[in-house]
Amino acid sequence: MLDLEIERKKKSFIIDTGSPISIVSEKDAKEILGEDKWIQKMIKKYLDVNRNEIKCVVETEVKVNGNGKQLILAIAKEKIQPLLGMNWI
């Protein structure tokens with residue numbers, strides 16, 4: 001687990017070296033960002049480690065830890081644990 005401060009709000013993420021992207025659920029995204037920050041619609045499907053489909057509907061770039069570092073987050077319809085993928089590592 002890694003705690004990140006995103007847009008001045010703390011969130012715990014699981015580091016997932018098998019994931020090409022970083023993902024949060026729609027519920028978590030609303031808590032962290034509100035809906036007005038979702039900027040780029042996407043329709044992509046990813047498979048989790050158990051081969052279950054994760055439908056990502058939006059992605060957005062966010063500021064992390066107040067140091068100017070950026071992270072692209074995919075936002076999933078499903079309720080999932082926030083994941084930090086290879087795009088962060």
Side-chain angles (χ1 to χ4, degrees):
M1 294 288 274
L2 179 66
D3 292 331
L4 293 181
E5 185 177 308
I6 297 175
E7 304 290 336
R8 299 187 176 139
K9 295 186 182 165
K10 290 192 178 187
K11 197 69 181 167
S12 294
F13 286 80
I14 293 174
I15 298 170
D16 185 354
T17 58
S19 176
I21 61 172
S22 298
I23 307 172
V24 295
S25 69
E26 193 171 37
K27 178 182 179 277
D28 287 332
K30 286 178 183 177
E31 289 174 8
I32 297 168
L33 306 170
E35 291 190 53
D36 60 327
K37 299 250 181 169
W38 300 7
I39 55 171
Q40 185 176 346
K41 291 195 182 235
M42 64 187 281
I43 300 175
K44 291 185 181 177
K45 297 176 185 175
Y46 292 94
L47 299 178
D48 68 13
V49 69
N50 297 316
R51 313 261 326 141
N52 297 313
E53 189 176 276
I54 299 172
K55 295 177 187 170
C56 297
V57 293
V58 179
E59 69 181 4
T60 188
E61 191 170 15
V62 295
K63 294 179 185 173
V64 179
N65 294 341
N67 64 5
K69 193 163 184 177
Q70 302 286 324
L71 171 65
I72 296 174
L73 276 179
I75 300 171
K77 284 283 193 191
E78 290 87 345
K79 181 180 176 183
I80 60 167
Q81 177 74 30
L83 299 175
L84 280 178
M86 293 303 290
N87 67 331
W88 175 254
I89 302 166

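Reckoned from all heavy atoms, side chains included, excluding hydrogens, waters and symmetry mates.
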Discussion item. Taking Val24 as the starting point, is it possible to reach Met86 by hopping between hydrophobic residues whose side chains are less than 4.5 Å apart?
Written reply: yes
Worksheet item: Just by modelled atom types, is the Glu5 backbone N or O under 3.5 Å from a matching donor or acceptor in the Asn65 side chain?
Response: yes
Fill in: salt bridge (Lys or Arg N to Asp or Glu O under 4.0 Å) against Asp28, all qualifying residues, sequence neighbours excluded
Lys11
Discussion item. I'd like to know if Ile15 and Ile6 are part of one continuous hydrophobic network [Ile/Leu/Val/Met/Phe/Trp/Tyr, side-chain heavy atoms within less than 4.5 Å].
Written reply: yes
Worksheet item: Roughly how far, to the nearest 0.5 Å, is the OG atom of Ser19 from the CG atom of Asn87?
Response: 7.5 Å
Item to complete: Of all the heavy-atom pairs spanning Glu7 and Leu33, show the shortest one and how long it is.
Response: CG-CD2, 3.5 Å
Discussion item. Quick check: do Val62 and Gln70 have side-chain heavy atoms less than 4.5 Å from each other?
Written reply: no
Discussion item. Measuring from atom CG of Leu84 to atom CE of Met1, what distance do you get when rounded to the nearest 0.5 angstrom?
Written reply: 10.0 Å
Fill in: Check: Glu78 side chain, Lys55 main-chain N or O, donor-acceptor pair, under 3.5 Å
yes
Worksheet item: Does one hydrophobic cluster hold both Val57 and Leu73, with members joined at side-chain heavy-atom distances below 4.5 Å?
Response: yes
Worksheet item: CD1/Ile54 to CD1/Ile23 distance, rounded to the nearest 0.5 angstrom?
Response: 4.5 Å
Discussion item. Please report the interatomic distance CD(Glu26) to CD1(Ile80), rounded to the nearest 0.5 Å.
Written reply: 11.5 Å
Practice prompt. With sequence neighbours excluded, tell me which residues meet salt bridge (Lys or Arg N to Asp or Glu O under 4.0 Å) with Lys9.
Written response: none
Worksheet item: Can you tell me if Ser22 uses its side chain to pair, donor with acceptor, with the backbone of Gly85 under 3.5 Å?
Response: yes
Worksheet entry | CD-CZ distance between Glu53 and Arg51, expressed to the nearest 0.5 angstrom | 11.0 Å
Practice prompt. Starting at CH2 of Trp88, measure out to CG of Asp16 and round the result to the nearest 0.5 Å.
Written response: 15.5 Å
Worksheet entry | Hydrophobic cluster membership, Leu2 vs Ile32, 4.5 Å side-chain cutoff | yes
Worksheet entry | Considering all heavy atoms, the nearest Cys56-Ala74 contact | SG-CB, 3.9 Å
Item to complete: Scan Leu83, Leu4, Asp3 and name whichever one has a side chain to side chain contact (heavy atoms under 4.5 Å, CB included) with Phe13.
Response: Leu4
